[in-house]
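Just so we're on the same page: letters track the sequence lines, and every chain starts at 1. Scope of the values below: all heavy atoms of this structure, side chains included, with no hydrogens, waters or symmetry mates.
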Protein chains: 2
Amino acid sequence: MTKRAPKSIVKRLPIYLRVLDGLISREVEIVSSRVLSEETGFTAEQIRKDFAYFGAFGTRGTGYNTEYLRSKLLRIIGLDRQTKLVVVGAGLLGKALTRYNMLKNPYVDVAGIFDANPAEAGSEIGSLKIRPMKDMPAVIKEQQVKVAMISVPAESAQQVVNDLVDNGITAILNFAPTKLKVPQNIHVHNADLTNELQSLIYYVIEDKEELRSNSK
Amino acid sequence: MTKRAPKSIVKRLPIYLRVLDGLISREVEIVSSRVLSEETGFTAEQIRKDFAYFGAFGTRGTGYNTEYLRSKLLRIIGLDRQTKLVVVGAGLLGKALTRYNMLKNPYVDVAGIFDANPAEAGSEIGSLKIRPMKDMPAVIKEQQVKVAMISVPAESAQQVVNDLVDNGITAILNFAPTKLKVPQNIHVHNADLTNELQSLIYYVIEDKEELRSNSK
DNA sequence: CTGCCTATGTTATTATATTAACAAGGTCGT
DNA sequence: ACGACCTTGTTAATATAATAACATAGGCAG
């Protein structure tokens, strides 16, 4: 059994990847942890430690070869092969997510987008047709899709997740504002935009601050 | 100077709030940390510790009064007064975010949505008109808006943020896939959906796992 | 009013994550 | 080929967060 990397590191890997993509497109061949620090906002020490967790990717005195490091990160994250995913819920958010990933995320393939509302079914996002929910199991099984994004109302989220898991989905990005119950081996990432906004509001500088902090 | 609560706690506060809203709408008057644990997925100990950080809100032997706890959380997060916000970038994502918050987030008020593309300006989201970027400073200043959500392309994000900060914004929820440079007193939360998806992919169960973990 | 029960709030322990210090391995000029 | 310099990779120290253990206070029955 392979050991998973600490969550804190995994969270940063895609950010390294994006910065590397930028450097490579500007034809930068070597990059130091200090430069990566400027680009990412993380400290150089932390960056070196993150990479070191997976092995020694750099050359001392010089830095990291951008192409090589990128290939390693792709492999580590699991983006060295195209990842198929389905989107459930074709409201505005679902459409936005689908189109964004089709256009801008070269590492993933949207295998299908589904909606419970028959009125939505048939309309298109780019070249992709929105399909009725009943088509979902076949698509997941035939294409062996493992990843799903769900952007349905909170009320229907749990039922949707149950169906997804039953059909073989093992990783879920959940935009519905609700806690999902799933078997232990299924991974759920919550991307609740309301929560993000509300916790941000905590940090807004206000004039009166009585109860907002520990007063002991 | 008041001390800010640990980030880890702040992140959970909106989740407690949502669960409480649900309980109150079902007319539950008292709730224990154990029940909250079931609803949120956090441990009961952690929940008690989180609340205790801000004071003693429960009654021993009984639990927490839902209404009272809710009012405390609202005050702590800063949602006891309506929060105004602006949205910059009226692409599909910007529209989705705006409409969602107008309909489903009772604690915030969308003061305006802006887009650089004149073609978008004039079209409506609910009763709210998309306005050209040049109107943005006046709206922020006149309504003293402190919070902004940005969903513009990565290339223009930094310029937009500079403008926002110049006009008085102090907290930013950033959906653009780029690292923003801001003064120290400005808070940025990154909600990069590509990152979320990619780090989720790390956890997809694959057949072959060679380099994906520390092999020392 | 007394004692048992329950759930909170606090203190202690452990685990995780970040920061800092340093040693080791390359490069490059001379 | 040698030495100064640079940047990585590793080890140590600190800080933060999560878990566990426990003591405290209120409710309620008899």
J.: Hey, is the side chain of A/Ser8 poking within less than 4.0 Å of OP1 or OP2 on C/dT18, counting only N and O atoms?
T.: yes

J.: Measure from NZ on B/Lys7 to C1' on D/dA15 and round the result to the nearest Å.
T.: 11 Å

J.: Among D/dA17, D/dT24, D/dT7, which nucleotide has an atom closest to any side-chain atom of A/Arg34?
T.: D/dT7

J.: On DNA chain C, check which nucleotide each of A/Arg60 and A/Lys11 is closest to and give me the residue with the more 5' one.
T.: A/Lys11

J.: Does A/Arg48 get its side chain close enough to the base of D/dG9, under 3.5 Å, for a donor-acceptor pair?
T.: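 Indeed, a donor on one side and an acceptor on the other fall under 3.5 Å apart.
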
J.: From C-beta outward on A/Ser32, which listed nucleotide comes closest to its side chain: C/dT19, D/dT8, D/dA18?
T.: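 Selected nucleotide (nearest to the side chain): D/dT8.
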
J.: Between D/dT7 atom C1' and A/Ile47 atom CD1, what is the distance in whole Å?
T.: 13 Å

J.: Would a 4.5 Å heavy-atom cut-off, applied to side chains only, mark B/His187 and B/Val182 as touching?
T.: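 With C-beta onward as the side chain, the pair stays apart.
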
J.: Hey, does the side chain of A/Tyr64 come within less than 4.0 Å of D/dG9's phosphate (OP1/OP2), counting only N and O?
T.: yes

J.: Can you tell which of D/dT11, D/dA18, C/dG9 lies closest to the side chain of B/Ala56?
T.: C/dG9

J.: Any idea which of D/dA18, C/dT27, C/dT18 is nearest the A/Thr62 side chain?
T.: C/dT27

J.: Mind calculating the distance between OH (B/Tyr53) and C1' (C/dT11) to the nearest angstrom?
T.: 17 Å

J.: Mind running side chain to side chain contact (heavy atoms under 4.5 Å, CB included) on A/Val147 and B/Leu197 for me, showing each step along the way?
T.: CA-CA 9 Å; A/Val147 180; B/Leu197 182 58; 4.0 Å; yes

J.: Closest to the B/Ser33 side chain: D/dG9, C/dT8, D/dA20?
T.: C/dT8

J.: Report the residue from A/Phe51, A/Tyr64, A/Phe54 that forms a ring-ring contact (aromatic ring centres under 6.0 Å, His included) with A/Tyr16.
T.: A/Phe51

